[in-house]
Amino acid sequence: MTQAIVITDVVTTDAGEHRDKATAEQPGQTESSRTVWESAEGIRSGVWEVTPGSFSSTRPEYHEMCQIVSGRATIEEADGTAFEVGPGSLFITPEGWTGRWTVHETLRKVWVVIPFAALAAPVRGEA
């Protein structure tokens with residue numbers, strides 16, 4: 001029997017150990033990430049947290065859906081367009097997206113990553 005995966009409080013759940021943010025524009029910025037589910041096709045979902053600072057970001061070969069649960073940031077896209085995110089914000093960064101995040105206060109999000117390979121996979125039960 002398949003059962004649901006439940007996190008009763010995504011704001012306080014353990015998001016994993018903080019490590020240096022690889023694409024940080026200044027030293028000391030850290031991030032943590034915890035995958036809570038992954039399908040056989042590589043679709044994944046989890047919780048991510050990052051401390052204040054700025055960093056570059058790309059989406060090579062996957063789409064990502066993000067729901068901010070705490071913190072605030074400004075996200076600037078490659079063309080200079082910027083948008084603010086905070087608790088309750090939902091946005092999608094499609095494959096090929098590039099941009100820059102400026103995190104104003106420690107930010108936590110839940111995320112779903114859909115790799116291109118999963119989109120090409122046959123649906124279970126289809127012949």
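The basis for the numbers below is simple: all heavy atoms, side chains too, and nothing from hydrogens, waters or symmetry mates. All values reported here derive from a predicted model rather than from experimental measurement.
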(request) Answer yes or no: is there a side-chain heavy-atom contact under 4.5 Å between Phe116 and His63? (result) yes
(request) Please check if the distance between the ring centroids of Phe91 and Phe83 is under 6.0 Å. (result) yes
(request) Any chance you could lay out the salt bridge (charged side-chain N to carboxylate O under 4.0 Å, His left out) test for Glu64 and Lys109, step after step, and finish with the verdict? (result) CA-CA 11 Å; Glu64 183 177 6; Lys109 72 179 182 182; 2.9 Å; yes
(request) Count the heavy atoms of every other residue, nucleotide or ligand shown that sit under 6.0 Å from CD of Glu61, and state whether that count exceeds 12. (result) no
(message) Quick check: closest heavy atoms across Ile68 and Gly86, and the distance to 0.1 Å?
(response) CB-O, 3.2 Å
(message) Are Trp48 and Cys66 packed together at the side-chain level, in the sense that at least one heavy-atom pair is separated by less than 4.5 angstrom?
(response) no
(message) Any side-chain to backbone donor/acceptor pair from Glu25 onto Gly53? Under 3.5 Å, distance only.
(response) no
(request) Taking all non-hydrogen atoms of both residues into account, name the closest pair between Gln29 and Thr51 and its distance. (result) NE2-O, 2.9 Å
(request) Before giving the answer on side chain to side chain contact (heavy atoms under 4.5 Å, CB included), spell out for Trp101 and Thr23 the whole-Å C-alpha distance, their side-chain angles and the decisive distance to 0.1 Å. (result) CA-CA 10 Å; Trp101 293 55; Thr23 60; over 6 Å; no
(request) Please determine if Arg108 and Glu49 form a salt bridge, counting it only when a charged side-chain N lies under 4.0 Å from a carboxylate O. (result) yes
(message) Quick test of your reading of the model: are Glu77 and Arg100 salt-bridged, counting only N-O distances below 4.0 Å?
(response) no
(message) For Ser54 versus Thr102, what's the shortest heavy-atom pair and its separation?
(response) CB-OG1, 3.9 Å
